[in-house]
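Order of the sequence lines sets the chain letters (A, B, ...), proteins ahead of strands, with each chain counted from 1.
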Amino acid sequence: MAIVKVIGIAFVGLICVGVLREVKPSLAVTCGIVTGLVIIYTLLDEFTYVVSKFNELAELAAIDNTLVKTVVKIIGIGYLTEFSANVAEDYGSPSIAKKIQFGGKICIAVLAVPIITGIITSIGSIAK
Amino acid sequence: MTGIETIFKIAGVGILAAVINSILDKSDKRELTTFVTLTALIIVLVMVINMLSSLLGTVQSLFNLYG
């Protein structure tokens with residue numbers, strides 16, 4: 001199972017961070033980030049599997065393609081901002097992490113506007 | 001370059017730098033320790049940057065987040 005691999009890598013990374021914290025504190029944080037990267041790499045093919053299945057389902061349900069594309073984009077942006085916010089917190093600066101999350105919210109809002117206008121216009125046309 | 005060996009490489013660089021620093025301390029060359037620490041940090045950061053750029057590239061292509 002993939003989760004066992006993830007847990008194994010996480011423990012290896014924890015031990016390395018622990019060792020490095022006594023020996024060389026500046027490298028300990030970098031080692032933590034690399035552990036996160038390695039975990040994501042092991043899960044990459046599951047990730048692509050989920051996204052491709054999501055797209056197939058959307059085509060099956062004949063949903064408008066732009067809608068699905070923006071939803072997938074929003075998921076991607078959410079994931080990227082969450083990853084970099086955690087990295088920023090690891091490096092001990094929560095304020096920068098909050099700025100990153102704020103920027104992510106703005107980008108998602110920008111992407112969400114056409115969907116909202118679409119919904120409102122369709123509701124308006126139904127109400128007439 | 002994307003497996004666990006990267007974690008061990010970073011741990012190795014860290015421990016090596018610490019050992020070299022302690023040797024330099026013993027032989028009264030304290031001014032060199034800062035350079036050793038700096039080079040260790042740079043080596044590790046270059047490794048991390050390579051991994052990070054490939055990860056962000058894959059995520060961008062996966063969620064087609066261009067532009």
A:Lys73 to B:Phe63 - nearest heavy-atom pair and separation: CG-O, 3.8 Å
ILVMFWY cluster, B:Ile43 and A:Val19 together (side-chain gap under 4.5 Å): no
A:Val23 versus B:Ala18, closest heavy-atom pair with distance: CG1-CB, 3.0 Å
Shared hydrophobic cluster, A:Val17 / A:Tyr91 (ILVMFWY, side-chain heavy atoms < 4.5 Å): no
For B:Val44, the option from A:Leu20, A:Val34, A:Thr30 that meets side-chain contact (heavy atoms from CB on, under 4.5 Å): A:Thr30
B:Ser22 portion near chain A, given a 4.5 angstrom heavy-atom threshold: neither
Test item: B:Leu55 and A:Phe83 side chains (from C-beta on) under 4.5 Å apart, heavy atoms: yes
In one Ile/Leu/Val/Met/Phe/Trp/Tyr side-chain cluster, 4.5 Å: B:Ile20, B:Leu38: no
Verify same cluster id: A:Phe54, A:Ile74 (apolar side-chain graph, 4.5 Å): yes
Enclosure of A:Phe11 CZ (heavy-atom neighbours >12, cutoff 6.0 Å): no
Inter-residue atom distance A:Ile33.CD1 - B:Ile10.CD1, 0.5 Å rounding: 9.0 Å
CE-CG distance between B:Met47 and A:Leu37, expressed to the nearest 0.5 angstrom: 12.5 Å
Minimal non-hydrogen separation, B:Gly14 against A:Leu27, with atom names: CA-CD1, 3.3 Å
Pair listing, side chain to side chain donor-acceptor pair (under 3.5 Å) test, anchored in residues 111-127 of chain A, at least two apart: none
Point-to-point distance, once rounded to the nearest 0.5 Å, from NZ of B:Lys9 to SG of A:Cys16: 13.0 Å
Side-chain (A:Tyr79) to main-chain (B:Val59) donor-acceptor, under 3.5 angstrom: no
Selection from B:Val19, B:Val13, B:Leu41, B:Leu56 maximising heavy-atom pairs under 4.5 Å formed with chain A: B:Leu41
Hydrophobic cluster membership, B:Leu45 vs A:Val29, 4.5 Å side-chain cutoff: yes
Contacting region of A:Val72 [heavy-atom separation from chain B under 4.5 Å]: both
Interchain contact, A:Ile77 with chain B, by part (heavy-atom threshold 4.5 Å): both
